[in-house]
Enquirer: 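Please read through the structure below; I'll follow up with questions.
In this chain, numbering begins with 1 at the start of the sequence shown.
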Amino acid sequence: MDLTFSLHERFTESGESAGIAGVVEYRTDVFDAGTVARVVERWQRLLGVVAADADRPVLSLDLLDEEERDRLDTLGQRSVLLEPAADPSIPELFSAQVRRRPDAVAMVFEGRSWTYRELDETSTRLAHLLADRGVVTGDVVALLLPRSEHTVIAILATLKLGATYLPLDVNHPDERVKFVLGDAAPVAVVTTAQSAARVDGSGVAVLDVDHPDLAAQTAEALPLPDANCLAYITYTSGTTGVPKGVGITQANVTQMYAPSDRAFRPTPDQVWTLFHSYAFDVSVWEMWGALLHGGRLVVVPEDAVHSATDFHRLLVDEHVTTVNQTPSALDMLSPEGLEGVHTVFVGGEACSAELVERWAPGRNMINGYGETETFYASMSGPMRPGEGAPIGSPVPGDALFVLDSGLRRVPIGVVGELYVAGRSVGLGYVNRPGLTASRFVACPYGTEGARMYRTGDLVRWNRDGELEYVGRADDQVKIRGFRVELGEVEAALAGVAGVERAAVVVRS
């Protein structure tokens, strides 16, 4: 057996009861002595409380002592909930880089480059054009754009107005585009002449990203927006069959870049790729990891996204140093010849030990974790072969809690559900107050009014103080990094003529 408790009653020489004695045996390749000692201590604590108050519900018992609670406070970074938030806006941080290095290359796409000054002026002109069309702070602006420099320019222009961008992937079907437009109710759509027909009849004003009036607009700087403005709305899979939009503020994004003692820090000498669709929130980390720190952003052409060979060639030709990939995508890429790639971020799904074995040697390989509702919540330290793939510790502005069904913290090594509190927690679901209330719940470990997001992910703290992902508490799955609620697939199947009932499972 892995773990065996052997108990026996003790008696005096006269036959009177002298209590209970016990011995614990355990397999040393499964447990260490410290873990077993803590299990014994907690069990003794449990027995003592139950013996003193036999009518008390077991569910109400707290098995942690003061030392363990302090340790969990430190690991989960609970103290950040008491700190005042002073996160800057995205345009504020970008403007600082424009002032510091105006002539440095900010962005590259298909052989053309833009300096920080050029990117700033172009996006400012588009922002003024949007303002002339009636866009104001707090409005939602839909973007239906192909993968190009226009993506970054339009996003930056929207954020400079304090407006919210709504990314519509040109590869998404018309039905989804129509639903998202109706649900988020944007005041305008920025698109190209080739894609404009897809939003005809939507009742939303359409603006060509290459509008002839753009060049005549002023490049005069706009007032900096409030960091609490909604930055973007991304739609993710829904259990009822209907996608749901998640609202993330500019402060949710910039808190990621607060000073910290982490092994990785964005710097001006780094070259990042914009590999992911701008409708996938990893793109946010890619864009601003480069552009808010003076780095260079390489926008990956659509063809290279779908070809590991072409992407590999691009990484070499552009001297890329920092790559973000889902484990599924990274598995298709060879590390040979990519010695210049110093940092590899993986996220979006579980990372295998085999992938760490292939990519970690000689590199800074980091496992990032975050739900759409929280941007990034944790990041691992540099992963090493043979040490697994933890999802790490909290990012600078977040507190993480591993809780049981009664919202009590569970001990180190014990599996519980992960809750995220702090400055990366988004505003909730657009136009869905009931769903928002069920997932963004009151935080009993922060100040009054503090919220935390219930992730549905099952995790545990390991002995090194990092979180390990164990599984899901519900039916949500990840397919090649895409978050899929099986209920959405079941709803689609149930809508087919002749289908009365449907059930969906995932097989590797």
Side-chain angles (χ1 to χ4, degrees), residues 59-64 68-83 85 236 239 244 246-249 251-252 255-256 281 347-350 367-380 390-429 432-462 465-478 483 485:
L59 194 63
S60 70
L61 304 180
D62 185 357
L63 298 182
L64 302 177
E68 288 177 310
R69 281 192 285 269
D70 290 344
R71 174 69 171 148
L72 291 173
D73 283 348
T74 301
L75 292 180
Q77 215 166 251
R78 182 182 179 184
S79 61
V80 304
L81 299 182
L82 305 177
E83 298 172 359
T236 187
T239 55
K244 54 185 183 290
V246 180
I248 297 293
T249 69
N252 291 150
Q255 63 86 27
M256 270 293 297
D281 54 5
E349 60 186 345
N367 199 6
Y369 167 86
E371 300 283 352
T372 302
E373 292 84 351
T374 64
F375 196 45
Y376 274 100
S378 73
M379 285 193 176
S380 72
I391 60 174
S393 54
V395 298
D398 276 352
L400 303 182
F401 301 102
V402 184
L403 308 179
D404 64 16
S405 59
L407 299 186
R408 286 176 303 273
R409 289 180 291 179
V410 300
I412 293 170
V414 176
V415 175
E417 186 173 353
L418 178 60
Y419 287 74
V420 180
R423 299 203 296 273
S424 79
V425 178
L427 293 186
Y429 301 111
R432 287 170 174 77
L435 183 60
T436 298
S438 70
R439 304 299 295 189
F440 294 81
V441 298
C443 177
Y445 303 102
T447 57
E448 186 176 354
R451 299 180 310 149
M452 58 183 183
Y453 173 68
R454 180 182 183 183
T455 67
D457 287 326
L458 300 177
V459 300
R460 63 180 164 223
W461 294 107
N462 65 20
E466 291 198 301
L467 284 173
E468 293 179 347
Y469 177 81
V470 177
R472 287 290 299 178
D474 56 21
D475 293 331
Q476 185 192 110
V477 298
K478 292 290 184 73
R483 173 171 156 182
E485 300 279 3

Enquirer: Is there side-chain contact between Gln255 and Ser424, with at least one heavy-atom pair below 4.5 Å?
Expert: yes
Enquirer: Picking from Arg409, Arg408, Arg69, what satisfies salt bridge (charged side-chain N to carboxylate O under 4.0 Å, His left out) with Asp62?
Expert: Arg69
Enquirer: Any donor-acceptor pair under 3.5 Å linking the side chain of Asn367 with the backbone of Pro390?
Expert: yes
Enquirer: Tell me the closest heavy-atom pair linking Pro394 and Gln77, and the distance in Å.
Expert: CB-NE2, 3.7 Å
Enquirer: Ignoring hydrogens, what is the shortest heavy-atom contact between Val246 and Thr372? Give both atom names and the distance.
Expert: CG1-O, 3.6 Å
Enquirer: Output the distance between atom CG (Leu61) and atom CG (Leu64), rounded to the nearest 0.5 Å.
Expert: 11.5 Å
Enquirer: Going through the distances and angles, do Lys244 and Glu485 end up as a side chain to side chain contact (heavy atoms under 4.5 Å, CB included)?
Expert: CA-CA 11 Å; Lys244 54 185 183 290; Glu485 300 279 3; 3.9 Å; yes
Enquirer: How close do Gly392 and Trp461 get, heavy atom to heavy atom, and via which atoms?
Expert: O-CZ3, 4.3 Å
Enquirer: I want to check something: taking the side chain as every heavy atom from C-beta on, are Ile412 and Leu75 in contact at a cut-off of under 4.5 Å?
Expert: yes
Enquirer: How about Arg432: does its CZ atom have over 12 heavy atoms from other parts shown lying under 6.0 Å from it?
Expert: yes
Enquirer: Within a strict 4.5 Å, meaning less than it, do heavy atoms of the Leu427 and Thr249 side chains meet?
Expert: yes
Enquirer: Does Asp457 come within less than 4.0 Å of Arg472, counting only side-chain N to carboxylate O?
Expert: yes
Enquirer: Could you check Glu373 against Val425 for side chain to side chain contact (heavy atoms under 4.5 Å, CB included), going step by step and ending with a plain yes or no?
Expert: CA-CA 6 Å; Glu373 292 84 351; Val425 178; over 6 Å; no
Enquirer: Taking all non-hydrogen atoms of both residues into account, name the closest pair between Met452 and Leu403 and its distance.
Expert: CE-CD1, 3.8 Å
Enquirer: With no hydrogens and no angle check, is any side-chain donor or acceptor of Asn462 less than 3.5 Å from a backbone partner on Gly413?
Expert: no
Enquirer: Which pair of non-hydrogen atoms, one from Gly465 and one from Ser393, has the smallest distance, and what is that distance?
Expert: O-CB, 4.4 Å
Enquirer: Test ring pair (Phe, Tyr, Trp, His ring centres under 6.0 Å) on Tyr369 and Tyr469 and set out the steps.
Expert: CA-CA 10 Å; Tyr369 167 86; Tyr469 177 81; 7.3 Å; no
Enquirer: Determine whether Val402 and Val414 make a side-chain contact, defined as any pair of heavy atoms from C-beta on separated by less than 4.5 Å.
Expert: no
Enquirer: Hey, what's the ring geometry for Phe440 with Tyr453, parallel, tilted or perpendicular (30° and 60° as the breaks)?
Expert: tilted
Enquirer: So does Ile391 get a backbone contact from the side chain of Ser378, meaning a donor-acceptor N/O pair under 3.5 Å?
Expert: yes
Enquirer: To the nearest 0.5 Å, what is the distance between CG on Asp398 and CE on Met256?
Expert: 9.0 Å
Enquirer: Using a 4.5 Å cut-off on heavy atoms from C-beta on, say whether the side chain of Leu418 contacts that of Leu400.
Expert: yes
Enquirer: Show your reasoning for whether side chain to side chain contact (heavy atoms under 4.5 Å, CB included) applies to Tyr419 and Leu407.
Expert: CA-CA 9 Å; Tyr419 287 74; Leu407 299 186; 3.4 Å; yes
Enquirer: Check Glu371 against Asp281 and note the closest heavy-atom contact, atom names and distance.
Expert: O-OD2, 4.0 Å
Enquirer: Check whether any side-chain heavy atom of Arg454 lies under 4.5 Å from a side-chain heavy atom of Ser438, and answer yes or no.
Expert: no
